[in-house]
Amino acid sequence: MTLTLYNTLSGALEEFAPLEAGRVRLYTCGPTVWNYAHVGNFRGNLFYDLLKRHLRVSGYQVTHVMNITDIDDRILHEAAHARQTIREYSATYERAFFEDLETLRFMPADIYPRATEHIGDIIELVGGLLADGHAYEVDGDVYFRVDSFPAYGALSKLDRAGLRAGARVATDKYEKESASDFALWKRAGEGDDLLGAAWPSPWGAGRPGWHIECSAMAMRYLGQTLDVHCGGVDLKFPHHENEIAQSEAFTGLPFARFWLHNEMLADLSGEKMSKSTGNIATLRDLLAAGHDPVAIRYFLVAGAHYRSPLRFDDDALHSAAEQVRRLRELHARLQETPREVADEGLRGEAESARARYRASLDNDLNLPQGMGHVFDVVRTANAALDRGRVGEGSQLALLRLLDEADAHLDVLRADDEGLEPRLQAMIDARERARAQRDFATADRLRESLREHGVLLEDSKSGVRWRRS
RNA sequence: GGCGACGUAGCCAAGUGGUAAGGCAGAGGUCUGCAAAACCUCCAUCCCGAGUUCGAUUCUCGGCGUCGCCUCCA
């Protein structure tokens, strides 16, 4: 089975193969650290996570670079307001971002380059574009000359004539040859040096434009042609279009072979979650409201196919939490000693489900469909366990199925394995009371444990506990 | 106005030219000291209209509706 991915560049599903056998060079658009990221941002990050995990499942070694954009107009503005340098200002949000990623079990990238630490690379890129006539300088600002790159618009399918030369372009304060030209380098404003936001360059003190850092850092660590470049659909234009233009104008080579774009997370009303609208929830908000981070992860990664919009909704979050619980429940039951029974049927079902699960993931990362296959078997397996019909063969096959899914989901492992001794003692005391058929005492202890957030489940093989 | 995506049960969400996975919620039941969990049963004809076809939810056209992008955006 081969991995097929939807490539925005061609607008079609394509068989994936990296340039170098066995190794994938992956670049994913990281955060601009000017504020706390919201769960919509993390939907994107978890899409990257899903892709990377599946590439690894598929046998590839993945070199993953994700940028940290720590210089931009908003950071500049906020830092000035807070009377801090941009580094001081952005450090808080950068740290929070990494904490949130860890909470969501994001598989870390290999390299997280910061824009401010690659000014030299950026200057080299801008210099090259100027030398070749792909850019021009106006009074300390440098712009990319879109007319010099005929393929402009190929990714976003925007016809250049169709890019309305009106609206916001008219308000642009810079003097550009053409409305669609974009800044590669911006002249320093007054006080920028005090904020730590001005660097010397052949065109005078200034800072990089928005798009250039991605080109510079991607090529720095991954070479001139990437295998996969990911981002949200809202970055297709102008960000990715501009990345392509400036990178390919510089190298004369394709910048990225596969462009993958994830759809947005929407609020309850269906509107895209975004900071400017204010309809956002941060991970911190959700945790404070008592939501399990693992359920949030499941919701964001498996709640919908990555190219479909996903609506943020309490019921959907609850549904995610229940699905995680059911998977964990079955996983726990499969730790028991298998019976000596003939279980060819169940084993076959588990193996077939695993093949179908794999095929779903190979088909453009269709995890929601894959989970359908998994849950088909979850029910069958539980029924068989109820009847004591699970032997060693099917037990192994079922565990393999769950492991295969968990290679993407990463929801089975618990954050805290242990139980406080005092609570464990209460469970033991309850078991003794039950053995003596002193159900009043047993029920009292169970209720008390419930108040401590521990739920009990009695089974033939003993009592199981879990956090509520 | 241009480009693009989407409209499947109370909710979330897959999918297919031959009469629609899965999950949540809900109802009834089995099991259990009671619970919980688990299991069993029930719960949709796929926005509307026309067309193509032996047959369309799936293809085409036209509506209606929702959303995204059109230089802040994951």
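Computed from heavy atoms alone, side chains included, the values below leave out hydrogens, waters and symmetry copies. Being a predicted model, the structure only gives us computed values, none of them experimental. Labels below follow one simple rule: chain letters A, B, ... track the order of the sequence lines, proteins then strands, and each chain is numbered from 1.
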Ring pair (Phe, Tyr, Trp, His ring centres under 6.0 Å) partners of [X], counting only residues at least two apart:
X         : answer
Phe250(A) : none
Trp34(A)  : none
Tyr112(A) : Phe98(A)
Phe439(A) : none

Residue matched to [N] through Watson-Crick or wobble contacts both under 3.5 angstrom:
N      : answer
A21(B) : none
G1(B)  : C70(B)
C6(B)  : G65(B)
G51(B) : C59(B)
C43(B) : none

At under 4.0 Å, does any side-chain N or O of Ser156(A) touch on OP1 or OP2 of U71(B)?
no
For A21(B) and Asn366(A) - does any side-chain N or O of the residue sit under 4.0 Å from the phosphate oxygens OP1/OP2?
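No, outside the criterion.
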Any residue meeting side-chain contact (heavy atoms from CB on, under 4.5 Å) with [X], in chain and number order, not counting sequence neighbours:
X         : result
Lys272(A) : Asp234(A), Met264(A), Ser274(A)
Asp49(A)  : Leu46(A), Arg53(A), Phe106(A), Met107(A), Arg297(A)
Asn41(A)  : Ala37(A), His38(A), Lys275(A)
Ala397(A) : Arg347(A), Ala350(A), Glu351(A), Arg400(A)

Tell me the interatomic distance from [X], atom [atom1], to [N], atom [atom2], rounded to whole angstroms.
X         : N      : atom1 : atom2 : answer
Ile244(A) : U71(B) : CD1   : P     : 18 Å
Arg356(A) : G15(B) : CZ    : C1'   : 14 Å
Leu367(A) : C12(B) : CG    : P     : 19 Å
His305(A) : G22(B) : NE2   : C1'   : 16 Å
His373(A) : A21(B) : NE2   : P     : 12 Å
Tyr298(A) : G22(B) : OH    : C1'   : 9 Å
Asp234(A) : A5(B)  : CG    : P     : 17 Å

Any carboxylate oxygen within less than 4.0 angstrom of a Lys/Arg side-chain nitrogen, looking at Asp386(A) and Arg333(A)?
yes
Look at Asp100(A) together with Arg284(A) and state whether they make a salt bridge at an N to O cut-off of under 4.0 Å.
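Answer for the salt bridge query: yes.
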Rounded to whole angstrom, note down the [atom1] distance from [N] over to [M].
N      : M      : atom1 : answer
A25(B) : U71(B) : P     : 44 Å
G18(B) : C43(B) : P     : 23 Å
U19(B) : C46(B) : P     : 15 Å
A14(B) : U57(B) : C1'   : 14 Å
G2(B)  : C11(B) : C1'   : 35 Å
A13(B) : C67(B) : P     : 15 Å
G10(B) : G26(B) : P     : 16 Å
A35(B) : A20(B) : P     : 38 Å

For RNA chain B, what residues of residues 260-278 of chain A have any heavy atom nearer than 4.0 Å?
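Nucleic-acid contacts, sorted: Asn262(A), Glu263(A), Met264(A), Leu265(A), Gly270(A), Glu271(A), Lys272(A), Met273(A), Ser276(A).
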Of all of residues 27-47 of chain A, which get a heavy atom below 4.0 angstrom from RNA chain B, listed by number?
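Per residue number, the list reads His38(A), Gly40(A), Asn41(A).
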Which is true for Gly232(A) with a 4.0 Å heavy-atom rule: it touches a base, it touches only sugar-phosphate, or it touches nothing?
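The residue Gly232(A) makes sugar-phosphate contact but no base contact.
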Give one of base, sugar-phosphate or nothing for Pro368(A), where a contact means two heavy atoms less than 4.0 Å apart.
base
With sequence neighbours left out, which residue pairs that include part of residues 314-324 of chain A fulfil the side chain to side chain donor-acceptor pair (under 3.5 Å) condition?
Tyr298(A)-Gln323(A), Ser319(A)-Gln323(A), Glu322(A)-Arg325(A)
From the list A14(B), G68(B), U71(B), which nucleotide is the closest neighbour of the side chain of Phe237(A)?
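Looking only at side-chain atoms, Phe237(A) lies closest to U71(B).
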Centroid-centroid distance, His305(A) to Tyr6(A), less than 6.0 Å
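Judged by ring-centre distance (under 6.0 Å), His305(A) and Tyr6(A) do not meet the cut-off.
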What string of B, S and - do you get for nucleotides 31-39 of chain B, 5' to 3', when a contact is any protein heavy atom under 4.0 Å?
--BBBBSSS
Do you know which two heavy atoms are closest between Arg187(A) and Arg207(A), and how far apart they sit?
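Shortest heavy-atom separation between Arg187(A) and Arg207(A) comes out as O-NH1, 3.8 Å.
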